[in-house]
Amino acid sequence: MHTRRLEWIIERALFVCAALSVLTTAGIILVLAVETFEFLREVPVAEFLTGTEWTPLFATPRFGVLPLVAGTLLVSAIAMVVALPMGLLSAIYLSEYAPDGVRRIVKPVLEVLAGVPTVVYGYFALMFVTPLLQRVFPQMSGFNALSPGIVMGIMILPLVSSLSEDAMRAVPRGLREGAYALGATRMQTALQIVVPAAFSGITAAFILAVSRAVGETMIVAIAAGQQPRLTANPFVPLETMTAYIVQVSLGDTPQGTLEYRTIFAVGMLLFLMTFGLNLVSTWLRERFREVYS
Amino acid sequence: MSVATPSVRSLSGLVARPGTASTAVSAPVKIDVDRMNFYYGAKRALDGISIQIRANLVTAFIGPSGCGKSTFLRSLNRMNDIIPGTRVEGTVLIDGQDIYTPGVDVVELRRRVGMVFQKSNPFPKSIFENVAYGLRINNMARSKAELNDRVEESLRQAAIFDEVKDRLHESALALSGGQQQRLCIARALAIRPEILLMDEPASALDPIATQRIEELIYDLKKTYTIVIVTHNMQQAARVSDHTAFFWLGRLVEYDRTDRIFTAPAEKLTEDYVTGRCG
Ligand SMILES: Nc1ncnc2c1ncn2[C@@H]1O[C@H](COP(=O)(O)OP(=O)(O)OP(=O)(O)O)[C@@H](O)[C@H]1O
Ligand SMILES: [Mg+2]
């Protein structure tokens with residue numbers, strides 16, 4: 001009787017914890033939605049989504065979010081160019097080539113890399129990578145998209161590699177054996193059988209990585225600059241959506257003003273982007289699981 | 001149960017004369033295994049296997065579950081290499097060449113020694129691509145037409161063409177278990193190996209498909225050396241020329257199939273084939 005009562009209490013307590021986290025999330029989304037709604041009552045959606053100038057703190061403010069979106073996409077794209085090929089190759093190596101001993105060492109090391117605080121990466125980009133790149137590209141300014149992009153790529157590399165490797169290791173051994181039995185080499189088996197069989201899992205890893213890159217804040221806030229600019233030039237300062245939110249949050253913009261509400265509108269857009277990416281990623285992984293469970 | 005382990009004398013005596021007094025004796029030795037031991041880590045799964053498998057005959061491996069039939073079969077094309085911690089002792093010669101000496105091209109070996117697995121394992125590709133894969137990686141088809149022809153021929157041989165001819169470009173994973181198994185047979189046949197290792201190829205098939213596979217095996221032995229693992233005694237008796245009986249990692253008896261089933265030398269064999277143990 002006593003234990004049953006205790007179990008009841010524990011169960012309730014766990015439920016409250018779970019409910020709290022759901023409620024918190026719902027609350028955040030609600031606040032985002034309300035403030036965004038307020039913002040959109042003053043700025044038409046069309047202007048917000050298609051305008052090419054972002055100057056909310058100027059005397060004649062403009063609320064076109066495209067420069068921020070472009071900044072986010074440019075830095076993320078650079079990060080993915082770094083992280084995708086290297087992450088996939090390292091996953092192929094770890095899953096198909098590395099002896100057990102090597103894997104047992106490399107995997108935890110990669111995971112440690114994922115645990116480095118992003119602020120460290122940010123200063124690494126600003127103080128180390130940027131000066132290094134400036135020797136190659138003298139025209140590059142101190143704040144730019146290239147350096148934080150590369151460093152962000154290094155940051156999400158472990159994620160890509162680890163998740164892709166999981167997907168590849170989930171491919172049944174029998175499939176590899178089937179290829180070997182036909183006279184396939186290790187390379188052919190890895191590239192033509194294992195990678196395609198793990199395709200949805202690998203894609204899910206990629207998308208999750210993109211979502212991480214889009215939402216990453218510290219590195220770009222430190223090393224990319226704070227100048228909203230609609231450009232594809234990786235050498236000049238620009239501003240991403242996240243960096244803008246940091247900038248306004250840290251400033252002294254009074255609550256309740258339109259300027260203040262911009263961070264919610266930008267935050268909402270950011271949320272929708274990463275949420276959409278995560279949904280696609282989850283869906284792909286579920287599909288992958290169906291095939292091999 | 002208390003079964004006396006057969007003495008080494010009787011074992012080696014039997015192994016030395018497979019197919020004695022049959023027409024088969026003239027067939028050349030294709031696979032010659034001498035005192036082979038196999039280990040999964042520290043665990044010995046095969047113990048002193050010596051056997052000579054003859055060309056263009058069908059050799060059946062029988063024995064209770066877990067006695068090492070698959071392990072032995074898989075060591076004939078070095079498929080166990082990819083399982084970490086496995087180890088082979090003794091010699092395995094194919095056409096007189098030791099396949100475990102350093103420097104052997106394992107890829108080339110597996111091309112010559114094809115395999116159908118106990119668990120069907122089609123690639124998550126289309127039916128056509130499953131069969132074409134081996135042809136493609138080995139550059140065995142010089143033209144699109146030749147590729148198509150050989151895919152179709154292999155599917156016909158494996159008695160599955162009629163069932164899939166209208167959906168060659170659909171996923172192989174949508175096939176039933178028995179169809180998948182026949183597809184895997186077709187895939188193995190496509191590259192025309194010299195030796196075909198089949199691990200319970202008919203265990204997931206209905207009687208009609210089983211019969212077609214057995215007919216196929218009969219046809220194939222003109223050009224191939226076939227080794228088949230089966231739990232079905234009637235099947236072993238029907239399709240094979242020689243039968244090897246395994247028990248707890250040892251080769252107990254190896255002889256002409258008719259003798260194994262009518263006048264085995266070992267009590268253990270007799271008990272097993274008559275269903276009294278195992
Ligand atoms: N990958 C492995 N790792 C460790 N032990 C294994 C492995 N595969 C097989 N074994 C062991 O080796 C022994 C022989 O197994 P094997 O699969 O060769 O038997 P089998 O005769 O083919 O059985 P079945 O008729 O059930 O297929 C068994 O005791 C099994 O547990
Ligand atoms: Mg088996």
Side-chain angles (χ1 to χ4, degrees), chain A residues 91-107 164-205 283-293, chain B residues 70 73-74 76-85 105-126 129-140 154 171-174 180-181 183-193 195-199:
Chain A
I92 290 176
Y93 171 73
L94 283 177
S95 144
E96 305 301 308
Y97 287 86
D100 261 4
V102 172
R103 186 179 19 242
R104 264 200 293 274
I105 296 168
V106 172
K107 261 242 160 176
S164 305
E165 197 227 336
D166 289 345
M168 288 168 67
R169 283 172 72 79
V171 173
R173 199 184 67 207
L175 229 49
R176 296 181 178 83
E177 293 183 345
Y180 287 132
L182 295 172
T185 61
R186 228 174 220 237
M187 183 66 97
Q188 286 168 330
T189 306
L191 293 180
Q192 296 166 357
I193 302 298
V194 179
V195 169
F199 184 74
S200 47
I202 292 172
T203 315
W283 176 76
L284 278 170
R285 249 178 315 164
E286 287 303 316
R287 227 192 61 165
F288 180 67
R289 224 169 262 142
E290 271 165 32
V291 179
Y292 290 115
S293 54
Chain B
S70 296
L73 197 72
R74 291 164 52 92
L76 299 179
N77 66 346
R78 293 186 56 172
M79 198 49 75
N80 289 322
D81 285 19
I82 63 175
I83 301 176
D105 183 349
V106 183
V107 169
E108 165 68 20
L109 168 75
R110 293 183 184 140
R111 212 169 281 168
R112 288 168 50 209
V113 187
M115 181 159 222
V116 177
F117 293 83
Q118 183 163 359
K119 232 177 119 214
S120 67
N121 54 354
F123 303 133
K125 298 176 185 289
S126 73
E129 282 305 322
N130 262 274
V131 184
Y133 185 70
L135 298 168
R136 287 192 202 278
I137 58 172
N138 295 307
N139 297 318
M140 282 177 171
S154 309
S171 170
L173 298 181
Q180 291 190 358
Q181 188 64 317
L183 179 66
C184 292
I185 294 174
R187 189 173 74 182
L189 293 175
I191 61 168
R192 297 183 188 154
I195 299 170
L196 191 59
L197 309 172
M198 304 174 103
D199 201 343

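Each chain gets a letter, A, B and so on, in the order the sequences are listed, and its residues count up from 1. None of these values were measured; they are calculated from a predicted model.
- Looking at Pro122(B), the atoms closer than 4.5 Å to chain A (heavy atoms on both sides) all sit in the backbone: N, CA, C or O.
- Along residues 92-104 of chain A, no residue comes nearer than 4.5 angstrom to chain B, judged on non-hydrogen atoms.
- Residues Ala181(A) and Met115(B) come closest through the heavy atom pair CB-CB, 4.1 Å.
- To the nearest 0.5 Å, the span separating CG on Leu182(A) from CD1 on Ile137(B) amounts to 6.0 Å.
- No other option in Asn77(B), Ile83(B), Leu135(B) has as many heavy-atom pairs under 4.5 Å with chain A as Ile83(B).
- Every residue two or more places apart in sequence or in another chain that forms a side chain to side chain donor-acceptor pair (under 3.5 Å) with Arg112(B) is listed here: Asp95(B), Glu194(B).
- Around NZ of Lys119(B), the count of heavy atoms belonging to other residues, nucleotides or ligands within 6.0 Å does not exceed 12.
- Note that the OH atom of Tyr133(B) and the CD atom of Gln192(A) stand 3.5 Å from one another [nearest 0.5 Å].
- In this structure, Lys125(B) NZ and Leu175(A) CG are separated by 9.0 Å, a value rounded to the nearest 0.5 Å.
- When all heavy atoms are compared, the tightest approach of Glu177(A) to Asn121(B) is C-ND2, 4.5 Å.
- Ranking Arg176(A), Arg186(A), Gln188(A) against chain B, the residue ahead of the rest is Gln188(A), based on heavy-atom pairs under 4.5 Å.
- Atoms OH and CG, on Tyr180(A) and Asp81(B) in that order, are 10.0 Å from each other to the nearest 0.5 Å.
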